[in-house]
Amino acid sequence: MSKFTDLKYWLLILTIFTDEGLVEGKTTIKARNKAIIKTIKVGNAEIIDCYVIYRQPSLNHPLLCNDTIQLTPSSYPKGTKLDNLGTLQLTQNWQKYGSCPEGTIPIRRQGKNYNPTLLRKHHYPGLSPYENLVTSQSNDTTENYRVHEHTIIGVHGNFRGAQAKINLWNPFTETREMSISQICIEASKYKDLNTIEVGWHVYQDIYGDHQTRFFIYWTTDGYLSTGCYNLLCNGFVHTSSNISLGCNFTEVSTFHGDQKDATFSIQKDRSSGHWWVHVQGTPIGYYPSSLFTELSKTATSAKWGRHTSTQMGSGHFPSEGGLKTSSYFNWVQVFDENNMIKDPKNVKKRVTKPNYYNLEIDSDHYRTNGYGFYYGGPGYNDKCQ
Ligand SMILES: *[C@@H]1O[C@H](CO)[C@@H](O)[C@H](O)[C@H]1NC(C)=O
Ligand SMILES: *[C@@H]1O[C@H](CO)[C@@H](O)[C@H](O)[C@H]1NC(C)=O
Ligand SMILES: *[C@@H]1O[C@H](CO)[C@@H](O)[C@H](O)[C@H]1NC(C)=O
Ligand SMILES: *[C@@H]1O[C@H](CO)[C@@H](O)[C@H](O)[C@H]1NC(C)=O
């Protein structure tokens, strides 16, 4: 009898102990307040919260509870040229209003305009039958979406990442339209499709404006229920104290003027297996390997290109004159299984509506700019409708 009481006593102590542990890990309001040590007001429209790096919301993701944070990548692909980055100065608009202290990370607070039902809607109807099916089944806001056009190149193989120097523009977009310029690595397909996507976009539904912003995206089930942009859901572990996701840079290219481009890359770390995201050679953070089903190993395809329902890139066709007129990707590269940087081989090109948009491989400038292409077009116009 007394043995039995002893056991009860122990259970009670154990329960209290476990409960306390759990409260620490949850994003209760109290925990959030403890996590944010500074708030920066950016003009009238935006707010940046500086989170203690070890208390960032992503660490509450159930798959990441046993992970320790990796603060810097342990490896770079062999052949990385840090002296060959883009012309973009790596500064963001919010930095004019303040900075996050060491040991904290800047997280953009989501504004009122943000519409969560559109989170998983940006993706390639037409690229796979499965995604077509998904799109036609959910009719909540589909009427606001015109056909999703894209001009992309892609390769298959086994990759530990991909990179490209991407030209930055501020294309015109109408209400409810988006414009995306990105690198994407993938593994598997349909409902097992895992992707990591990095680049710039203009997306009013998320930000309430038409700024050109740095973004990342992920999914592990073909855009069905997992994944999101930036830090709108838990997953990405942010490490940079000065570059924030979803914010704009201080420069973009101008027609017939200065061209701004930035090197974006996704690379699988040698020791941890995490997928690190870099901009201009600066590590921003990583998608933990444990988040993924298929991408816990290598990627099986890489894609570079544009997705939009409206004006693409600069709004001008590649045939109108190339550099300074249409948009480009150059130094398009993959990181192979041995972590060597390689030009893409057996590249497949896909353009959904060549009358509206086109893509031309840039063979002229190969020696100076590496593998690359021009793309662009005015989108829906009188001539083509
Ligand atoms: C974390 O570790 C515990 C104890 O080793 C284990 O039971 C649990 O499955 C782990 N969780 C994850 C998500 O790996
Ligand atoms: C689609 O629209 C119909 C009619 O408006 C509605 O009854 C149905 O519930 C909607 N389905 C979804 C998945 O939203
Ligand atoms: C941003 O932070 C990184 C370290 O996190 C540092 O190496 C880099 O110089 C910083 N850049 C700027 C513009 O402050
Ligand atoms: C970045 O955003 C701010 C605030 O909306 C804006 O004033 C600025 O022009 C933007 N910068 C660029 C390069 O678009």
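The chain is numbered in sequence order, starting from 1. Both ligands and their constituent atoms are indexed starting at 1 by order of listing.
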Between [X] and [Y], does any side-chain N to carboxylate O distance fall below 4.0 Å?
| X | Y | answer |
| --- | --- | --- |
| R160 | E337 | no |
| D261 | K165 | no |
| D49 | R109 | yes |
| R213 | E46 | yes |

- Query: Any protein heavy atom under 4.0 Å from atom 4 (C) of ligand 1?
  - Reply: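 So far as the 4.0 Å threshold goes, atom 4 (C) of ligand 1 is out of reach of every protein heavy atom.
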- Item | Distance flag for atom 7 (O) of ligand 4, protein heavy atom under 4.0 Å |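 Protein heavy atom within 4.0 Å of atom 7 (O) of ligand 4: absent.
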- Item | Shortest protein heavy-atom distance from atom 9 (O) of ligand 1, along with the residue and atom involved |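 Sorting protein heavy atoms by distance from atom 9 (O) of ligand 1 puts N66 ND2, 4.8 Å first.
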- Message: Between T300 and N158 (side chain of the first, backbone of the second, donor and acceptor by atom type, cut-off under 3.5 Å), is there such a pair?
- Response: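 No, the answer is negative, given that no donor and acceptor are paired below the 3.5 Å cut-off.
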- Message: Tell me whether D192 contacts the main-chain N or O of G222 through its side chain, where contact means a donor paired with an acceptor under 3.5 Å.
- Response: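 Absent.
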- Side chain, backbone, both or neither: which part of T250 comes within less than 4.0 Å of ligand 4 when only heavy atoms are counted?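 Within the 4.0 Å criterion, T250 contacts ligand 4 through backbone atoms alone.
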- Task: Heavy-atom distances under 4.0 Å are what count here, so tell me which part of Q211 touches ligand 4: side chain, backbone, both or neither.
- Result: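 Q211 to ligand 4: side-chain contact only, backbone stays beyond 4.0 Å.
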- From atom 2 (O) of ligand 4, work out which of N93, V252, N248 has a heavy atom at the shortest distance.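 Ranked by closest heavy atom to atom 2 (O) of ligand 4, first place is N248.
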- Contacting atoms of ligand 4, where contact means under 4.0 angstrom from a heavy atom of F249: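 Contacts of ligand 4 toward F249, numbered from 1: 11 (N), 12 (C), 13 (C).
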- Query: Hey, is P62 one of the residues with a heavy atom under 4.0 angstrom from ligand 1?
  - Reply: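 P62 counts as a contact of ligand 1 under the 4.0 Å cut-off.
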